[in-house]
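Note sheet for the following structure.
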Protein chains: 2
Amino acid sequence: MGDKVQELIRIQQIIAPEITKIIQLRYDILRAILYNQPIGRRNLASQLKLGERVIRGEISFLQELNLLHINQWGMTLTEEGERITSYLEEYIRQFGGLSSLEKKICRYLNLPEVIIIPGDSDVNPMVKSDLGRAGARYLKNKLQPKQILAVTGGTTLAEVAEALGNMRFKMDVLVVPARGGLGEKVEIQANTIAAQIAEHLGGDYKLLHVPDNLSPAALRTLQNEPGIKEILDLIAEADLVVHGIGTIEEMSSRRGLGEEEVKRIISKGAVGEALGYYIDSKGKIVDVISSIGLHLEDLKKSKLVVAIAGGKKKAAAILACMYASPQSTLITDQGAAEEIVRLIEEK
Amino acid sequence: MGDKVQELIRIQQIIAPEITKIIQLRYDILRAILYNQPIGRRNLASQLKLGERVIRGEISFLQELNLLHINQWGMTLTEEGERITSYLEEYIRQFGGLSSLEKKICRYLNLPEVIIIPGDSDVNPMVKSDLGRAGARYLKNKLQPKQILAVTGGTTLAEVAEALGNMRFKMDVLVVPARGGLGEKVEIQANTIAAQIAEHLGGDYKLLHVPDNLSPAALRTLQNEPGIKEILDLIAEADLVVHGIGTIEEMSSRRGLGEEEVKRIISKGAVGEALGYYIDSKGKIVDVISSIGLHLEDLKKSKLVVAIAGGKKKAAAILACMYASPQSTLITDQGAAEEIVRLIEEK
DNA sequence: AGCGGGTGGGACTTTTTTGTTCCCAAAGGG
DNA sequence: CCCTTTGGGAACAAAAAAGTCCCACCCGCT
């Protein structure tokens with residue numbers, strides 16, 4: 001399908017997101033009938049895990065459209081119904097189909113939940129805002145009062161913070177940075193984003209001001225400072241962790257890493273970074289940024305870990321991080337998702 | 001926009017007609033804000049003739065999308081909002097925009113209601129089915145128990161009858177043919193269609209079996225036959241009249257008109273036919289088929305007259321008939337509608 | 001300075017929609 | 001002849017949407 005169609009669907013999804021669900025639902029019903037015809041209402045409902053009444057409503061609608069035929073043995077697709085179904089199959093792939101992509105990635109990587117938004121952040125910067133919006137929506141659904149939310153820095157997380165600002169959504173949570181400041185620009189530092197999110201949510205926040213790349217000895221000293229330790233404990237207890245994912249190229253330019261340092265990390269096989277860990281394409285941790293904050297052991301305690309990142313270029317990094325952290329929810333975009341699937345299936 | 005987009009929208013409208021309304025609504029709101037910003041919630045509601053709460057719901061949705069901005073003076077579109085609005089303007093023209101076409105034709109022809117469905121029956125025969133479905137839906141909304149429904153023949157009306165069959169819609173009405181049999185093929189004769197509709201609705205029907213092209217004297221005799229007269233009285237009392245519209249070319253081929261007869265009618269300036277009346281491009285009746293049934297005077301008594309016809313080729317005929325009968329509801333398709341507007345504006 | 005008209009936001013009730021869960025008669029299969 | 005399935009229908013519960021207020025605020029006008 002053409003570019004215009006892509007654009008059309010993008011706009012449509014922005015302006016009326018509910019249509020995705022409607023069309024996906026009707027397509028699922030049509031397909032289920034196609035594969036099981038003739039099939040009865042109750043049977044269909046239990047197969048699709050939908051209420052009997054929902055089915056009934058949709059059925060009578062589809063029947064009016066002359067897409068299916070009912071007799072005493074059950075429901076059958078009409079010729080027109082079959083035509084529409086096969087057309088929808090292609091159509092669904094464009095947007096509703098993202099949900100089949102989602103399932104695919106869930107299966108491949110054994111993740112609990114994957115959310116894909118259409119487009120590619122690398123190509124269209126607006127998609128990055130959409131990604132932020134998706135993240136914000138996710139938080140809106142999952143956050144409970146009095147919970148602790150840990151966030152990292154990065155441009156994507158900054159989008160999440162901004163999107164939360166546009167929502168009329170308040171929740172009394174405590175927001176903390178997942179790790180100490182990582183020497184980035186202020187507006188995309190974890191501290192800044194944590195404070196911003198807390199303000200938008202009407203919640204509280206605690207910051208962690210720690211210089212980057214300290215000596216191990218200095219870090220140990222800092223970790224035992226009462227003021228710092230208190231915050232580190234809060235971070236370790238976080239109920240939700242939302243983090244971005246970085247490629248190695250990004251790291252070298254954004255952070256104060258020397259060229260030889262980058263080369264060293266690359267030579268170890270690192271392709272991605274998340275929460276201060278460098279990870280190779282197999283999902284093995286090959287290096288750690290010398291900073292303090294959330295640890296890998298803490299992650300396992302946390303109820304929910306959410307990774308947000310998009311763009312085809314980040315696919316390898318995302319894949320690596322998801323291998324390393326299979327309990328995470330992943331929010332990404334179509335560009336990255338398709339590339340991830342390609343990478344997996346290529347092997 | 002391309003062909004693919006057209007097709008996409010067509011399918012979408014079939015499978016999920018509600019999206020039209022949703023998108024149209026949101027577009028209307030965005031546009032109203034654009035032209036009146038800054039504007040308040042209540043003001044907006046009264047202008048768009050919508051409930052205050054509806055507006056509030058949509059507003060908070062659009063706000064989350066970052067399409068508009070709220071402050072103490074009212075609501076303003078953001079840059080992104082303006083971009084989306086201008087995109088939607090083009091998009092709406094493709095399907096929701098039909099409703100602006102509808103309004104335009106209402107205004108030009110002073111009709112109470114116009115319904116336009118996308119596509120062109122001449123190009124895509126499926127559109128004719130859609131037209132029938134639209135007619136059926138209209139009847140479903142308007143019919144009341146015990147009413148009398150008069151219908152004519154024709155392929156379009158046949159589609160209406162079929163579409164009614166696919167709906168699970170029952171209504172105890174009496175269906176009658178608007179005029180005596182007009183010598184067409186059985187399956188598109190008024191009598192056949194009346195019976196079919198009545199059966200689908202679970203109602204009653206009366207038929208009118210009268211040969212075509214009788215001498216005036218014979219007609220007068222027939223009209224006073226008790227059995228015939230009874231039915232004619234029912235027809236005259238009809239609450240709803242649904243009729244098709246024919247072009248002269250159709251008439252000559254479909255009906256048993258001789259070639260010189262057709263020439264005679266054309267020489268009088270006739271461009272369309274409805275309910276047995278030949279009408280010229282100004283809307284003047286130039287000839288009448290010698291048959292019995294509904295009369296022009298009866299039309300004025302009837303509460304609702306619905307004309308159903310589509311296809312670019314029929315535009316001139318539709319226009320003529322609408323000039324002649326400005327109290328009618330018109331159900332047509334995009335192809336005809338656009339041509340009608342062109343014809344009007346050309347003059 | 002006070003007033004009237006506008007703003008958004010919040011809270012409440014009513015209405016409508018949606019979902020759950022039955023029962024029913026009919027028909028095919030064993 | 002029973003058992004299972006079918007669609008159709010209806011009663012009822014839950015949830016979402018809509019209608020309607022009121023409130024605090026801010027402006028410009030008198």
TODO: Grab the two heavy atoms, one from A:Ala158 and one from A:Ile188, that are nearest each other, plus how far apart they are.
DONE: CB-CG2, 4.1 Å
TODO: Please report the shortest heavy-atom distance between A:Ala194 and A:Val175, naming the atom on each side.
DONE: O-CG1, 3.5 Å
TODO: Select base, sugar-phosphate, or nothing to describe what A:Ile39 touches, counting heavy atoms under 4.0 Å on all strands.
DONE: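 The residue A:Ile39 makes sugar-phosphate contact but no base contact.
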Using the side-chain hydrogen bond (donor to acceptor under 3.5 Å, both in side chains) criterion, which residues pair with [X]? Sequence neighbours excluded.
X        : answer
B:Lys104 : none
B:Gln196 : none
A:Arg56  : A:Glu52

- [ ] Confirm from the modelled atom types if B:Arg56 and C:dG10 form a donor-acceptor pair under 3.5 Å, side chain to base only.
- [x] yes
Open item on the list: Check this for me: does the side-chain of B:Arg41 come within 3.5 Å of the base of C:dG6 through a donor and an acceptor?
Closed with: no
Open item on the list: My understanding is that only residues two or more places apart in sequence, or in another chain, count here; which of them pass salt bridge (charged side-chain N to carboxylate O under 4.0 Å, His left out) with B:Lys170?
Closed with: none
Quick one: [X] [atom1] to [N] [atom2], roughly how many Å, whole number?
X        : N      : atom1 : atom2 : result
A:Glu58  : D:dG7  : CD    : P     : 16 Å
A:Ile22  : C:dT17 : CD1   : C1'   : 14 Å
A:Ile33  : D:dT6  : CD1   : C1'   : 14 Å
A:Lys170 : C:dA11 : NZ    : P     : 14 Å
B:Arg42  : D:dC25 : CZ    : C1'   : 12 Å
A:Ile55  : C:dT18 : CD1   : P     : 15 Å
A:His69  : D:dT6  : NE2   : P     : 17 Å

- [ ] Indicate whether OP1 or OP2 belonging to C:dG6 is found under 4.0 Å from a side-chain N or O atom of B:Asn43.
- [x] no
Task: Option from A:Leu111, A:Leu330, A:Ile116 for which side-chain contact (heavy atoms from CB on, under 4.5 Å) with A:Glu102 holds - done: A:Ile116
- [ ] Could you encode protein contacts along nucleotides 25-30 of chain C as a string, one character per nucleotide from 5' to 3', using B for base contact, S for sugar-phosphate-only contact and - for no contact, with a heavy-atom cut-off of under 4.0 Å?
- [x] --SS--
- [ ] Answer yes or no: is there a side-chain heavy-atom contact under 4.5 Å between B:Val176 and B:Tyr205?
- [x] no
Mind listing the N/O atom pairs, protein and nucleotides 11-19 of chain D, below 3.5 Å?
residue : atom : partner : partner atom : Å
D:dG19  : O6   : B:Arg53 : NH1          : 2.3

TODO: Please round to the nearest 0.5 Å and tell me the distance separating atom CG of B:Leu44 and atom CD1 of B:Ile59.
DONE: 5.5 Å
